[in-house]
Amino acid sequence: MSEPNVSAWPQLRTALMGAFPQLYELEPGGALAMDLGPDGWLLEVKPEGTVLCQYGVAMDDVMALMSDGTPEDLGTDEVAKQAKYFIQPAVGKFRTLLLQSGFTEDTEMNDEFVAATFARPVDIANPSKVQDLMRWCMRQIEIGRAHV
């Protein structure tokens, strides 16, 4: 893929904020994100030309579930392993569809959360294509949640 056209970001950002009022900035001038319902799915558009559909869990939440309210000293590796296990049922419902639709899967992990991320490159100079992909992601996650 060619070098991303970052200069197109301000125009795309404006178009997306108008089309999807539920978007919020993750950092000033940076990526835009929106929650896809109450169960942990997040849709993100990055200035470098990537749409992410991701599902994650906070490490603190996993620690609380594992320790059952007792202040145990749990290792980060153990918590991360449990977090990956915890998110698999939700991710598994959408993995095949997202991968067949051109997304690539990865795991993002830090001290705060573990997330399964599905990324797909987009041309940020083409706002209608980006909006179409975002709407498609929103529909798929919504449809998938309806069949639980």
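At least one side-chain heavy atom of T107 sits under 4.5 Å from a side-chain heavy atom of V114. Residues R135 and Q140 have side chains not in contact (no heavy-atom distance under 4.5 Å, counting atoms from C-beta outward). Within the 4.5 Å cutoff, no side-chain heavy atoms of L42 are placed close to those of M34. Between R120 and T104, the closest side-chain pair of non-hydrogen atoms is not below 4.5 Å. Here the side chains of F94 and V91 are not in contact, with every heavy-atom distance at 4.5 Å or above. Between W136 and S101, some side-chain heavy-atom pair lies under the 4.5 Å cut-off. At a threshold of 4.5 Å between non-hydrogen side-chain atoms, the residues L23 and M134 count as touching. Using a 4.5 Å heavy-atom threshold, the side chains of V45 and W9 count as touching.
For E25 (side chain) and G29 (main-chain N/O), a donor-acceptor pair under 3.5 Å exists by modelled atom type. Distance alone, capped at 3.5 Å, places no donor-acceptor pair between the R13 side chain and the L32 backbone. The backbone N or O of P10 sits less than 3.5 Å from a side-chain atom of T14, completing a donor-acceptor pair.
E105 CD: more than 12 foreign heavy atoms inside a 6.0 Å radius.
Ring orientation note: the planes of W41 and Y55 are tilted relative to one another, at an angle of 30° to 60°.
The distance from atom CG of L98 to atom CD of Q54, rounded to the nearest 0.5 Å, is 12.0 Å. Here CE of M17 is found 11.5 Å from OH of Y24. Values are rounded to the nearest 0.5 Å. In this structure, I124 CD1 and S7 OG are separated by 7.0 Å, a value rounded to the nearest 0.5 Å.
Between E108 and T117 the shortest heavy-atom distance is OE1-CG2, 3.7 Å. The shortest non-hydrogen separation linking I87 to G56 is CG2-C, 4.3 Å. P47 and G30 make their closest contact through CG-C, 3.9 Å (heavy atoms, listed as atom of the first residue, atom of the second, distance).
Residue F20 is not grouped with residue L52 when hydrophobic side chains (ILVMFWY) are merged at heavy-atom distances under 4.5 angstrom, including chains of intermediate members. In the hydrophobic clustering of this structure, L16 does not group with L26; members are Ile, Leu, Val, Met, Phe, Trp, Tyr whose side-chain heavy atoms approach within less than 4.5 Å, directly or through other members. L97 is connected to I141 through a chain of hydrophobic side-chain contacts under 4.5 Å among Ile, Leu, Val, Met, Phe, Trp and Tyr, so both are in one cluster.
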Would you check, one step at a time, whether the test side chain to side chain contact (heavy atoms under 4.5 Å, CB included) holds for V122 with T50? CA-CA 6 Å; V122 292; T50 306; 6.0 Å; no
Start with the C-alpha distance between V51 and L43, add both sets of side-chain angles, then the distance that settles side chain to side chain contact (heavy atoms under 4.5 Å, CB included), and finish with yes or no. CA-CA 7 Å; V51 169; L43 182 64; 3.8 Å; yes
Before you tell me yes or no, could you show the steps for S128 and N126 under side-chain hydrogen bond (donor to acceptor under 3.5 Å, both in side chains), namely the whole-Å CA-CA distance, both residues' side-chain angles and the distance that decides it to 0.1 Å? CA-CA 6 Å; S128 65; N126 190 339; 3.1 Å; yes
Evaluate the side-chain hydrogen bond (donor to acceptor under 3.5 Å, both in side chains) criterion for residues R95 and Q88: first the C-alpha distance (whole Å), next the side-chain angles of each, then the deciding distance (0.1 Å), finally the verdict. CA-CA 10 Å; R95 177 177 284 119; Q88 283 313 305; 2.8 Å; yes
